[in-house]
Structure formats: C-alpha cells, structure tokens
Amino acid sequence: MMNIIFLGPPGAGKGTQSQIVSQRLSIPQISTGDMLRAAVSQKTPTGLKAKAYMDAGELVPDEIIIDLVRERVDEDDCRNGFILDGFPRTVAQADALAALCAVDRVVNIDVPQERLVARISGRRMCPDCGAAYHVSTHPDGRCGKCGGALYQREDDREETVRNRLRVYEEQTQPLIEYYAARGLLVTVNGDESIERVTEAIAQAVERT
Ligand code: AMP
C-alpha cells in the first residue's frame, strides 16, 4: 500500500512522471486536472461549474474537488495505493485528504520559475491517451504512443499560464512546508531529462 502525492508548479512534469511511476508501481494515477477536463467535455454538473475557473487559471472551489477525490480514492483499483497528480493544491484540500487516508510520500518536483512558462506554453497534449509532449520534440503534432493529433490546452496559453503560476505560489506552495513538517516531503530536481527525474523519484519512493 503506497499513497503518493506529486507536488510542483504547473509545467514541473507531474503528469509525465506520475504516468511513468504509476505504470512501474502498478497503482493508478489520479489527475484532478484530467478528471475535470473530462467532466467539462462531457458537460456534467461538475464540469459546468468548473469550466470558468479553469479557463481563468484559477483553482476550482475546494468542495467540488474534494468530493471528486473522495469518490475516486474509494474505488477498488485504489486498494493498493495511488498517485495523486495535481491534488492537494490548498491547505484545506490537504487537511481533507488527511481525514480520508494515509499519505506515505510527497514528491516535490522542483523546476526554476523561469523555465516553466516556456515548458507550458510549448506543451501539446494527446486527446486520446493523455500523454504530454513539447512542440520542440514533436513538431509533427502526432502522439508518439497512439498517433492521436496533439492539441494545446486552452489554459496553457501564455496569458493564463502567468496566472496559474501566481495561484500556485499563493495557494499551493505552502504545502511544501506543510508536508515537510510532517516528515513526508522529498524534493527532486525536475530540471533534468525525463529519465533522470524518474530515477530520482524512484529512489525517493523506495526509501519510504
Ligand atoms: P492541471 O491539469 O493539474 O494543471 O489542472 C488544470 C486546472 O484544473 C487547474 O488550473 C485548476 O483550475 C483545476 N484543478 C485541477 N486540480 C485542482 C485542485 N486540486 N484544486 C483546484 N483546482 C484544480
């Protein structure tokens, strides 16, 4: 049983790394951003409420997101653990999670602020399998895994990115201290190749 949180600013590589580690450990990756994007495209009540916040680069209200995570971690496939990618993002969410289940490790992926805007504004996503790429390495616009036509997330445009980074600093960064104080935090350098970051994370998780 291993419940892991991936923490870090937008563009740190949480999604990429949590997908890899999820496969390695055979535990599900739970991305609240992916869940919300699915809800928006299916126009569910949650999606309709969340859309305006997401488009503006603001956080969706805690109650909405906590309900979503509560239901998800209750599902059968989470019995042996899970990786949370993009949750918690506020102290209230972290407190709610603590009341739901144990947290074994918090992996903080650290990337210098000045690298993030370039990373995110060049990010392209596969609509079919959720993989993320950078335009500089995938200029043909095709997913390397399944061939899907890559697109740019609405909130990855530069205007919104700057607001997301500000929101991160104000509301999510305090969680670094929160989890350090509980002895759960490991920080890895995210300004490296995908493979090296994965290795650093694997070591951090194995020390648990
Ligand atoms: P992400 O894909 O993790 O960058 O999330 C995309 C957007 O979904 C964020 O900018 C927020 O608007 C919303 N979102 C995702 N996770 C959370 C969360 N834990 N709390 C509040 N809003 C969230």
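First listed ligand is number 1; within each ligand, the first listed atom is number 1.
- Considering only residues two or more places apart in sequence or on other chains, Tyr179 meets the ring-ring contact (aromatic ring centres under 6.0 Å, His included) condition with none of them.
- The shortest side-chain heavy-atom distance between Gln152 and Met125 does not fall under the 4.5 Å cut-off.
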Using residues 137-149 as the side-chain source, report each donor-acceptor pair under 3.5 Å to any protein atom, sequence neighbours left out, with the distance given to one decimal.
from	atom 1	to	atom 2	distance (Å)
Thr137	OG1	His134	O	3.0
Asp140	OD1	Arg142	N	3.3
Arg142	NH1	Gly147	O	2.9

Check ligand 1 for N or O atoms under 3.5 Å from a protein N or O and list each pair with its distance.
from	atom 1	to	atom 2	distance (Å)
ligand 1	2 (O)	Arg37	NH1	2.9
ligand 1	2 (O)	Arg37	NH2	3.0
ligand 1	2 (O)	Arg153	NH1	3.1
ligand 1	2 (O)	Arg153	NH2	3.3
ligand 1	3 (O)	Arg89	NH1	3.0
ligand 1	3 (O)	Arg89	NH2	3.2
ligand 1	4 (O)	Arg89	NH2	3.2
ligand 1	4 (O)	Arg153	NH2	3.1
ligand 1	4 (O)	Arg164	NH2	3.4
ligand 1	12 (O)	Glu58	O	2.6
ligand 1	16 (N)	Thr32	OG1	2.8
ligand 1	16 (N)	Gly86	O	3.4
ligand 1	16 (N)	Arg89	NH1	3.0
ligand 1	19 (N)	Gly86	O	2.9
ligand 1	19 (N)	Gln93	OE1	3.0
ligand 1	20 (N)	Gln93	NE2	2.9
ligand 1	22 (N)	Val60	N	3.0

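- Under a 4.5 Å side-chain heavy-atom cut-off, the cluster of Ile, Leu, Val, Met, Phe, Trp and Tyr residues that includes Leu59 is completed by Val167.
- Between Arg70 and Asp74 there is no salt bridge, since no side-chain N of the basic residue sits under 4.0 Å from a carboxylate O of the acidic one.
- Checked for salt-bridge contact, Asp156 and Arg123 meet the test: a charged N lies under 4.0 Å from a carboxylate O.
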